[in-house]
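Structure record follows, encoded as structure tokens.
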Amino acid sequence: MMRHILCFGNPLHGDDGFGPAVYQRLAQLPLAADVRLFDAGTAGLAALALFRDCAEAVVVDALAPAGHPGRLLELAAEAIPLESAAAGHGHGVGYLLAALAVMPEPAPALRIVAVEAAAVEPFRPGLSAPVAAAVDRAVALLSVYFAPQHHE
């Protein structure tokens with residue numbers, strides 16, 4: 001069964017570009033044969049299709065600023081808040097994960113790798129320095145789980 005890495009975000013909106021930056025770096029690395037990497041962008045509920053046919057899914061995204069920019073977190077899906085208003089991802093990743101939980105098909109095992117944003121500003125491309133530094137840490141973390149196995 002496949003494992004999926006889904007990178008969400010909009011590189012035109014400041015630190016919301018974290019997911020696409022992680023995607024670009026991971027796309028340059030060898031990944032295990034059972035891993036599929038997706039740039040999910042701002043797909044909203046259309047991204048539900050990306051959770052099909054996999055045993056495990058990792059969601060990569062940026063979290064709202066909360067005083068610790070660049071902090072990298074591994075979270076359970078339940079820890080992502082349900083957005084009260086439409087966000088940059090249509091309804092937001094929290095809304096997407098809530099929808100996934102009530103789908104008739106069994107959901108894959110979910111993990112969230114998220115960075116705390118310094119700022120999400122519409123039409124201001126580029127990551128803040130703390131979030132840019134977190135890209136390397138996220139890629140290193142994901143590489144441990146999804147790199148091809150080396151046999152000696």
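Worth saying up front: this structure is predicted, and the values here are computed from it rather than measured.
A continuous path of ILVMFWY side-chain contacts below 4.5 Å connects L97 to L48, so both sit in one hydrophobic cluster. Hydrophobic clustering (ILVMFWY, side-chain heavy atoms < 4.5 Å, transitive): L96 and I80 are in one cluster. Follow the hydrophobic side-chain contacts under 4.5 Å out from L73 and you never reach F18; the two are in separate clusters.
Residue C7 holds its SG atom at 7.5 Å from CG of L142, rounded to the nearest 0.5 Å. If you take CZ on R36 and SG on C54, they are separated by 9.0 Å, rounding to the nearest 0.5 Å.
Here the side chains of F146 and L26 are not in contact, with every heavy-atom distance at 4.5 Å or above. In this structure, L6 and D61 have side chains that are not in contact, with every pair of non-hydrogen atoms separated by 4.5 Å or more. M2 places none of its side-chain heavy atoms less than 4.5 Å from the side chain of D53. Put simply, the side chain of P148 reaches to within 4.5 Å of the side chain of P30, judged on heavy atoms. The side-chain heavy atoms of I112 and V58, taken from C-beta on, include no pair separated by under 4.5 Å.
E121 contributes no side-chain N or O that, together with a main-chain N or O of G14, makes up a donor-acceptor pair within less than 3.5 Å. The main-chain N or O of A119 is found under 3.5 Å from a side-chain atom of D15 such that the two form a donor-acceptor pair. Proximity of a side-chain donor or acceptor of E56 to a complementary backbone N or O of R3 within less than 3.5 Å is not detected.
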Evaluate the side chain to side chain contact (heavy atoms under 4.5 Å, CB included) criterion for residues R25 and D136: first the C-alpha distance (whole Å), next the side-chain angles of each, then the deciding distance (0.1 Å), finally the verdict. CA-CA 8 Å; R25 292 281 309 284; D136 289 336; 2.3 Å; yes

Test side chain to side chain contact (heavy atoms under 4.5 Å, CB included) applied to I5 and Y23, step by step: CA-CA 9 Å; I5 304 171; Y23 170 85; over 6 Å; no

List the steps, then state whether side chain to side chain contact (heavy atoms under 4.5 Å, CB included) holds for F8 with D39. CA-CA 7 Å; F8 288 89; D39 181 353; over 6 Å; no

Could you walk me through whether S143 and L141 pass the side chain to side chain contact (heavy atoms under 4.5 Å, CB included) check? CA-CA 6 Å; S143 295; L141 174 70; over 6 Å; no

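Ion pair R52/E105 not flagged as a salt bridge, since none of the NZ, NE, NH1 or NH2 atoms sits closer than 4.0 Å to an Asp/Glu carboxylate oxygen.
Looking at T42 and N10, their side chains never bring a donor and an acceptor atom within 3.5 Å of each other.
Between H4 and F38, the two ring planes are perpendicular [angle over 60°; tilted spans 30° to 60°].
The heavy-atom pair separating A114 from L75 by the smallest distance is CB-CD1, 4.4 Å. Minimum heavy-atom separation, L110 to A77: CD1-CB, 3.8 Å. Shortest non-hydrogen contact noted between A117 and V120 is CB-CG2, 4.0 Å. What you find for A134 and V115 is that their closest heavy atoms are CB-CG2, 3.5 Å.
Both the sub-6.0 Å distance and the 45° axial angle are satisfied by R111 relative to the ring of Y145.
Evaluated for a side chain to side chain contact (heavy atoms under 4.5 Å, CB included) with V60, the options V93, V22, V135, V139 yield exactly one hit, V22.
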